[in-house]
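The structure appears right after this line, and notes come after that.
Along the sequence shown, residues carry numbers from 1. Numbering of ligands and ligand atoms starts at 1, following listing order.
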Amino acid sequence: MGEVKMNKRKRTFSGIQPTGSLHIGNYIGTIKQWVEMQKDHQCIYCVVDLHAITVPKKPEVLKERIREVAALFIACGVDPEKSIIFIQSHNPDHSVLSWIMDCTASMGQLERMTQYKSKSEKQKGFVSVGLFNYPALMAADILLYQTDVVPVGDDQKQHVELTRDLAQRFNSRYGEVFTEPEVSLQKVGARVMSLQDPSAKMSKSDEDPNGTIDLLDSLEEVKKKIMSAVTDSGKEIVFKKEKLAISNLLGIYSQLGNISIEELEKKYQGKGYGEFKKDLVEAVVEFLKPIQKKYYRIMKNQEGLEKILKQGGEKARAISQKTLAEVYKVMGLG
Ligand code: ATP
Ligand code: LTN
């Protein structure tokens, strides 16, 4: 393996794009896992701003969003004393390895990526080469750090599988340089669905704001969105395939309230959707309150936040440079 890990703990890498407000789907699918993994993994968490520019962004908005997302990582429990938190564009090694991954991936492999297919269809006219190459940059992010585990939501599974394939191809051409990463998905909540359309993923880019609960929504907004969430026919509160809407709400309750689905089903046996939703509002509000309080405190201290991100970038680069040096050596570059 290129870099000898002095430390026996498994290494985790994951990232989120600064493309909009983070929602409870992002938290449940991803950040909740990040926080738990801090106990026994060496963790690296990244605000992937280079991914965000695959679709044009207003510079002043992007700059602000990057800080907001980093502050939300910390507000949700990512501890800068335990984990490396940094901005992707602070470490140029990502762009260099991304090019090498472009030369490792085939057109056919990237054409099969479902996220590319759906996102390119949504663009009006202009589709950037970056949107197509996006998964190669994501592979570079992961492979630079010799990552063992990648905690993400279900929609990113295909990209992590591609990363494994690219690592294998590179290793078979040049020797064992890259660690092949495993994906980590939540058992419940790997795909949190929209509150308005439980057959679609809760998404930052959803046009209907009522489908998504943002981590920074006011408590009144949370109440309005949950009380108007669609439900299924019948009135049983049970977790099963045929009851998409209620299963989604049960999943959210379970993950944010830290209570098992079985306990919830028992608690609401014979009770109506109204009562269930009222309690769910309470659970979500109780979950969001401390996060919002911490978030606004962090955002007030921009200097402190910049320091964390700068130090994070330096620590990240110290690791990635070792991988990149090995890549140059085996490929005969330079
Ligand atoms: P967009 O829909 O605009 O692409 P997004 O809301 O999917 O944005 P991303 O930045 O692409 O957000 O995702 C960040 C992380 O959150 C990824 O690991 C992704 O898998 C996870 N994630 C996003 N939406 C959900 C969801 N609804 N349920 C579970 N995990 C999710
Ligand atoms: N493509 C991911 C964001 C992302 C990522 C990564 C996730 C970019 N690089 C590396 C895990 C590991 C998304 O959520 N849309």
*asked:* Which of the numbered atoms in ligand 1 are under 4.0 angstrom from any heavy atom belonging to Val152?
replied: 18 (O)
*Where is the nearest protein heavy atom to atom 1 (N) of ligand 2: which residue, which atom, and how far?*
Tyr134 OH, 2.6 Å
*Determine, using heavy atoms of Gly189 and all atoms of ligand 1, whether some pair is separated by less than 4.0 Å.*
yes
_Atom pair CG (Leu219) and CD (Gln292), whose distance is rounded to the nearest 0.5 Å_ = 5.5 Å
*Is any N or O atom of Gly25, backbone or side chain, closer than 3.5 Å to an N or O atom of ligand 1?*
yes
*Does the pair Asp148/Lys10 count as a salt bridge with the N-to-O cut at 4.0 Å?*
no
*Gly29: numbered ligand 1 atoms lying under 4.0 Å from its heavy atoms*: 29 (C), 30 (N)
*Which segment of Val160 sits under 4.0 Å of ligand 2 when only heavy atoms are counted*: neither
*Between Asp155 and ligand 2, which residue portion shows a heavy-atom distance shorter than 4.0 Å: side chain, backbone, both, or neither?*
neither
*Is it true that a side-chain atom of Lys277 and a backbone atom of Met227 form a donor plus acceptor pair closer than 3.5 Å?*
yes
*Specify the protein heavy atom at minimum distance from atom 10 (C) of ligand 2: its residue, its atom name, and the distance to 0.1 Å.*
Phe13 CE2, 3.5 Å
*Please verify whether a non-hydrogen atom of Thr19 lies at under 4.0 Å from ligand 1.*
no
*So, for Lys157 and Leu185, which heavy atoms are closest and what is the spacing to 0.1 Å?*
CD-CD1, 3.7 Å
*Among all protein heavy atoms, pick out the one at the shortest distance from atom 3 (C) of ligand 2; state its residue, atom name and that distance to 0.1 Å.*
Gly15 O, 3.5 Å
*salt_bridge(Asp40, Arg9) N-O dist < 4.0 Å*: no
*Parallel, tilted or perpendicular for His94 and Tyr145, by the 30°/60° rule?*
tilted
_Gap separating the CG atom of Leu166 from the CZ atom of Arg169, nearest 0.5 angstrom_ = 6.5 Å
*Would you find a donor on one side and an acceptor on the other, under 3.5 Å apart, between the side chain of Lys57 and the backbone of Val55?*
yes
*Could you say whether the N/O atoms of Gln156 and ligand 1 ever approach to under 3.5 Å?*
no
*ligand 1 contact by His23, heavy-atom criterion under 4.0 angstrom*: yes
*Which residue, Tyr273, Phe276, Phe239, forms the ring-ring contact (aromatic ring centres under 6.0 Å, His included) with Tyr268?*
Phe276
*Report the part of Ile16 (side chain from C-beta onward, or backbone N, CA, C, O) that has a heavy atom under 4.0 Å from ligand 2; answer both or neither where that applies.*
neither
*Once you round to the nearest 0.5 Å, how far does CD of Gln88 lie from CD1 of Ile53?*
9.0 Å
_Subset of ligand 1 atoms that lie under 4.0 Å from at least one heavy atom of Ile16_ = 10 (O), 14 (C)
_Check this for me: does any side-chain nitrogen of one of Arg65 and Glu68 sit under 4.0 Å from a carboxylate oxygen of the other?_
yes
*Any nitrogen or oxygen of Gln156, main chain or side chain, under 3.5 Å from a nitrogen or oxygen of ligand 2?*
yes
_salt_bridge(Glu286, Lys289) N-O dist < 4.0 Å_ = yes
_Enumerated ligand 1 atoms positioned under 4.0 Å from heavy atoms of Ser205_ = 1 (P), 2 (O), 3 (O)
*asked:* Give the atom numbers and elements of ligand 1 that come within less than 4.0 Å of a heavy atom of Ser203.
replied: 1 (P), 2 (O), 3 (O), 6 (O)
_Check for me whether Lys119 has a heavy atom closer than 4.0 Å to any atom of ligand 1._
yes
*Does any N or O atom in Gly15 lie less than 3.5 angstrom from one in ligand 1, N or O only?*
no
*Heavy-atom contacts with Ala190 under 4.0 Å: which atoms of ligand 1 show up? List them by number with element.*
28 (N), 29 (C), 30 (N)
*Quick one: does Ile28 get a heavy atom under 4.0 Å from ligand 1?*
no
*asked:* I'd like to check whether Met202 has a polar contact with ligand 1, where a contact means an N/O of the residue lying under 3.5 Å from an N/O of the ligand.
replied: yes
_Subset of ligand 1 atoms that lie under 4.0 Å from at least one heavy atom of Lys201_ = 2 (O), 5 (P), 7 (O), 23 (C), 24 (N), 26 (C), 27 (N)
*What's the shortest distance from atom 9 (N) of ligand 2 to any protein heavy atom, and which residue and atom give it?*
Asp141 OD2, 2.6 Å
